[in-house]
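Notes follow the structure.
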Amino acid sequence: METSAQATCPFHAPSATKAGERSTSVHSHRTLKELPGPDGLPILGNILQLDLTHLHSILEQWAGTYGSIYKFRIAQKTVVAISDTDLINEVLRKRPAAYRRLESIEPVLKEMGIDGVFSAEGEQWLRQRRTAMQALNTAHLKSFFPTLMKVTERLKKRWDQATSDGAPIDVQEDLMRYTIDVTSNLAFGYDVNTLEGKGDDIQRHLEKVFPMVNRRINAPFPYWHFVKLPADRALDDALVAIRKALAEFIAHSRERLAQNPELATHPTNFLEAMLAARDVDGADITDEEIFGNVLTMLIGGEDSTAATMAWMLHFLTEYPDIQLRVQQELDEVLGSVDVLHDMRDAERLTYLEAVSFETMRLKSVFPILFLGANKDVELGGVDIPEGTAIFLLTRKCGMQEREFTAADQFQPERWVASPRGQESGHNPKAFVPFGAGPRLCPGRNLALLEMKTAMAMLFRNFSVERSVGAKPVAEHFGFLMAPENLAVTFRQRTQFVSQETGHAEVLGSCPSMTVGA
């Protein structure tokens with residue numbers, strides 16, 4: 001997804017560019033002091049204007065006012081916010097040499113025991129990245145597909161039972177269960193099986209992590225070192241429970257390695273590869289790095305993919321004609337089966353993939369990337385000192401009319417035909433839900449395959465409507481952006497459209513209904 005880009009200045013001296021404009025020339029470099037931005041208070045800066053649960057939308061609104069590069073302050077710390085597509089791609093392309101994750105992220109995550117590839121920098125990142133990429137490569141995903149199918153059938157069984165009983169479904173919770181089960185099987189070779197109620201506790205504890213990461217990295221000082229609020233104490237309890245569960249994963253993998261020495265040279269998952277490197281090859285991997293990477297993979301594989309699928313559900317209830325088109329494609333590709341059984345068929349689900357891409361463009365679960373400058377840099381005609389925080393507004397750059405025609409509208413069709421570039425109203429560089437450059441998300445292929453497999457099962461077997469009397473769906477930011485108030489009604493499909501005859505044919509059992517909230 002990475003493409004080269006020449007940085008352009010998003011403003012002309014001496015005043016900021018209007019929102020949506022892109023400058024073509026730079027007369028002179030400017031300093032941070034000369035950047036536009038919202039007025040703040042002495043000492044506090046703009047902190048009282050920042051609601052962390054809606055941080056992304058506040059920063060996007062400011063971009064509309066102050067342009068595609070502006071500044072604000074969290075207490076005494078200056079932050080540069082960027083929503084220009086070319087500048088975002090330039091920053092991502094120059095990682096990890098010129099830019100790194102926000103400096104406050106690493107110590108916050110280390111305190112939580114999340115000392116893994118996500119927060120690592122430099123040589124430590126390179127070493128851990130190779131292992132992560134090996135575990136998540138295409139060849140491994142192909143061998144893993146039967147397990148993915150098994151977990152998907154569990155999810156179908158859970159929803160079949162709920163609709164038969166008329167029981168309520170918490171869709172977002174079930175999707176998180178699904179992604180936990182997939183990730184634990186793929187990355188650790190350990191079947192947590194939360195879908196059948198055998199690992200409920202770990203899911204409950206994992207839900208507490210990302211919101212607290214968001215709170216702590218944006219705090220003006222580490223208040224939790226001095227006083228623990230109820231949320232901090234709940235996080236501490238959750239981390240203790242998570243570490244206990246992860247110890248089981250690691251013990252299970254060590255036992256497998258001991259019983260099958262050949263796994264040391266041909267590991268079947270991410271955890272085996274790390275343990276083999278540590279215990280067999282003598283690599284410099286600490287216990288904390290092993291725990292940190294296990295936790296990183298589990299959290300990263302759970303929340304982001306589940307939230308994206310929840311947003312897909314939201315859009316397909318809002319646009320029933322698009323849902324029908326998805327179902328027609330599934331009827332054609334899956335034939336008489338009700339769950340995706342062949343990984344090659346996933347490649348044929350081009351419209352479902354288009355729906356997922358359009359969902360990620362409008363509802364990117366990571367609408368902000370929190371970075372910082374490793375050294376003094378010049379970016380878009382602005383001199384940015386080493387250590388300056390840089391927030392990339394990645395969702396905002398893909399919602400601008402100059403990048404995508406009818407940018408505020410949900411139009412999956414824009415992804416079906418191959419985009420020819422910006423002149424066609426479709427700029428692929430402005431679509432960065434998985435990042436770009438050297439630190440492109442290693443779990444991208446897994447996430448896309450999970451979404452196709454789960455959503456194919458869902459819309460092949462059920463039709464989904466917005467629940468009567470449901471509150472409007474809202475965006476809630478907690479390091480990632482997930483839907484709030486998502487309430488949908490499931491109806492089992494009893495017919496499908498035959499592509500051969502064009503007529504409805506029997507698909508399954510009698511319809512029943514349940515509510516997902």
Side-chain angles (χ1 to χ4, degrees), residues 1-3 136 138 141-142 144-145 148-149 152 156 175 182 304-305 308-365 398 403-407 409-422 424-434 436 440-441 443-464 493 496-502 507:
M1 197 173 296
E2 185 199 359
T3 48
L136 297 169
T138 303
L141 290 182
K142 286 181 179 178
F144 176 72
F145 188 75
L148 177 59
M149 186 177 68
T152 305
K156 178 180 180 299
L175 290 173
V182 170
S304 56
T305 306
T308 299
M309 289 192 287
W311 281 119
M312 288 177 70
L313 272 173
H314 163 66
F315 280 122
L316 290 177
T317 57
E318 292 292 302
Y319 300 96
D321 55 328
I322 294 176
Q323 181 177 160
L324 178 60
R325 183 170 172 183
V326 166
Q327 290 172 327
Q328 289 171 337
E329 179 182 67
L330 290 168
D331 292 344
E332 178 180 5
V333 171
L334 297 186
S336 60
V337 300
D338 52 13
V339 175
L340 195 63
H341 280 81
D342 190 329
M343 190 169 169
R344 291 170 297 184
D345 286 338
E347 298 173 4
R348 299 172 58 199
L349 298 175
T350 55
Y351 192 70
L352 181 59
E353 180 174 87
V355 169
S356 68
F357 283 2
E358 187 70 346
T359 298
M360 289 185 285
R361 183 182 71 84
L362 288 173
K363 300 294 185 182
S364 171
V365 296
E403 311 294 10
F404 290 94
T405 302
Q409 297 179 22
F410 186 74
Q411 295 184 357
E413 290 75 15
R414 73 173 84 241
W415 299 97
V416 176
S418 298
R420 292 173 296 176
Q422 193 165 347
S424 65
H426 183 126
N427 183 6
K429 292 191 302 180
F431 179 70
V432 286
F434 296 101
L440 179 73
C441 176
R444 176 184 183 276
N445 290 335
L446 172 61
L448 293 174
L449 183 60
E450 275 186 89
M451 286 189 278
K452 275 190 177 181
T453 306
M455 294 294 100
M457 178 278 292
L458 171 56
F459 289 102
R460 171 62 169 164
N461 296 280
F462 303 93
S463 290
V464 185
R493 293 181 70 203
F496 69 98
V497 178
S498 170
Q499 297 298 314
E500 294 180 1
T501 67
L507 174 66

CE of M455 to CG of L313, rounded to nearest 0.5 Å, is 5.0 Å
Would you say D338 and L334 make side-chain contact, with heavy atoms under 4.5 Å? no
Flag the pair L175 / M312 as yes when at least one side-chain heavy-atom distance between them is below 4.5 Å, and no otherwise. no
Looking at R361 and E403, is there a salt bridge between them, counting it only when a charged N and a carboxylate O are closer than 4.0 Å? no
Measure the NZ-CE distance between K142 and M343 for me, rounded to the nearest 0.5 Å. 6.5 Å
Exercise: identify the closest heavy-atom pair between A454 and T152: CA-CG2, 4.4 Å
I'd like to know whether V182 forms a side chain to side chain contact (heavy atoms under 4.5 Å, CB included) with L446, so could you lay out the CA-CA distance, the side-chain angles of the two residues, the decisive distance to 0.1 Å, and finally the verdict. CA-CA 9 Å; V182 170; L446 172 61; 4.2 Å; yes
Would F357 and V416 count as a side chain to side chain contact (heavy atoms under 4.5 Å, CB included) here? Give the steps. CA-CA 10 Å; F357 283 2; V416 176; over 6 Å; no
Do T305 and M451 make a side-chain contact, defined as non-hydrogen atoms from C-beta onward lying under 4.5 Å apart? yes
State, to 0.1 Å, how close V333 and R348 come at their nearest heavy-atom pair, and which atoms those are. O-NH1, 3.9 Å
Which pairs, with at least one residue in residues 446-455 and sequence neighbours excluded, count as a side-chain hydrogen bond (donor to acceptor under 3.5 Å, both in side chains)? E353-K452
Where do A406 and Q411 come nearest, in terms of heavy atoms and distance? CB-NE2, 3.7 Å
Supply the atom-to-atom distance Y351 OH to Q327 CD, rounded to the nearest 0.5 angstrom. 12.0 Å
Separation between NE2 of H426 and OG1 of T405, rounded to the nearest 0.5 Å: 10.0 Å
Sidechain-backbone polar pair: R460 side chain, V337 backbone, donor-acceptor under 3.5 Å: yes
Nearest heavy atoms of L352 and E329, plus distance in Å: N-OE1, 3.0 Å
CG/L316 to OG1/T359 distance, rounded to the nearest 0.5 angstrom? 6.5 Å
Test side chain to side chain contact (heavy atoms under 4.5 Å, CB included) applied to L330 and R493, step by step: CA-CA 12 Å; L330 290 168; R493 293 181 70 203; 5.6 Å; no
Looking only at heavy atoms, what is the nearest atom pair of F404 and G398, with distance? CD1-O, 3.3 Å
F315 vs F410 aromatic rings, parallel, tilted or perpendicular, using cut-offs 30° and 60°? parallel
Considering residues at least two apart in sequence or located in another chain, which fulfil the side-chain contact (heavy atoms from CB on, under 4.5 Å) criterion with E347? none
Tell me, do V355 and F459 make a side-chain contact under 4.5 Å, heavy atoms counted? no
Test your reading of the model: is there a side-chain donor-acceptor pair from Q323 to the backbone of V464, 3.5 Å cut-off? yes
When rounded to the nearest 0.5 angstrom, what distance separates CE in M360 from CH2 in W311? 14.5 Å
List the atom of A354, the atom of P412, and the distance in Å for their closest heavy-atom pair. CB-O, 3.3 Å
